[in-house]
Amino acid sequence: MRIAIGSDHAGFPMKEIIKEFLSGMGHQVLDMGTHSTDSVNYAEFAEAVARAVASGKAHRGVLICGTGIGMSIAANKVEGVRAALVHSEYTARMAALHNNANVITFGGRVESPEEAKRFVKIWLETPFEGGRHTRRLKKIEEMEEKCKEG
Ligand code: RB5
């Protein structure tokens, strides 16, 4: 899979670890920055990764800030993106199984690297269940349409 990854300064060390982990799993990784621990604004990187996923340039996206919260708020502003903030193996699995999340976010200051790797692996390896969940996701798409109409 082609996976876009991004972080702010707080998520940068974790981004480097997860990047290597994803490459080791055989994925092609698109690093959208940031590239150091110098202070930046997370929305910029959330937008880059979210747009890459929404346009099809990447199949999935991973976003890391201090908590994962800002990244999830920002990424979900891009139409077609379903960004899930995960904080446990259960939420990582549900993000794929029920929400068909095409982006996950988590906190570089919250999770350990080992936890984060487990969440990413579970999310990537869990299929979407479909069925009633497709109907629910359709409702979100309808919301996006309605918001565009004003
Ligand atoms: C940066 O200090 C921090 O606010 C940011 O990484 C993130 O946690 C925001 O949601």
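First listed ligand is number 1; within each ligand, the first listed atom is number 1.
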When you look at CD of E79, are more than 12 heavy atoms from neighbouring residues, nucleotides or ligands closer to it than 6.0 Å? yes
Answer yes when E16 and K19 have at least one side-chain N-carboxylate O distance shorter than 4.0 Å, and no when they do not. yes
Which bit of D8 is near ligand 1, meaning a heavy atom under 4.0 Å away: side chain, backbone, both or neither? side chain
Would you kindly confirm whether F21 and M1 end up in one hydrophobic cluster when ILVMFWY residues are joined by side chain heavy atoms under 4.5 Å apart? yes
Is the number of heavy atoms from other residues, nucleotides or ligands under 6.0 Å of R60 CZ greater than 12? yes
Please confirm whether Y42 comes within less than 3.5 Å of ligand 1 when only nitrogen or oxygen atoms on both sides are compared. no
Give the residue and atom name of whichever protein heavy atom lies nearest to atom 1 (C) of ligand 1, and the separation in Å to one decimal. H9 NE2, 3.8 Å
Using the ring of each side chain (for Trp, its six-membered ring), is F119 parallel, tilted or perpendicular to F106, with breaks at 30° and 60°? perpendicular
Can you tell me the protein heavy atom closest to atom 2 (O) of ligand 1 and the distance? R109 NH1, 3.4 Å
With a cutoff of 4.0 Å, is M71 in contact with ligand 1, counting heavy atoms of the residue only? no
Presence of salt bridge, K117 and E114, under 4.0 angstrom: yes
Under 3.5 Å: N/O of G66 near N/O of ligand 1: yes
Which residue and atom name correspond to the protein heavy atom nearest atom 8 (O) of ligand 1, and how close is it? T67 N, 3.0 Å
Given 3.5 Å as the limit, does a donor-acceptor pair link the side chain of R2 with the main chain of K57, or not? yes
shortest atom 10 (O) of ligand 1-to-protein heavy-atom contact is with G70 N, 2.8 Å
Protein contact for atom 4 (O) of ligand 1 (heavy atom, distance under 4.0 Å): no
Can you list the ligand 1 atoms lying under 4.0 Å from a non-hydrogen atom of A10? 6 (O)
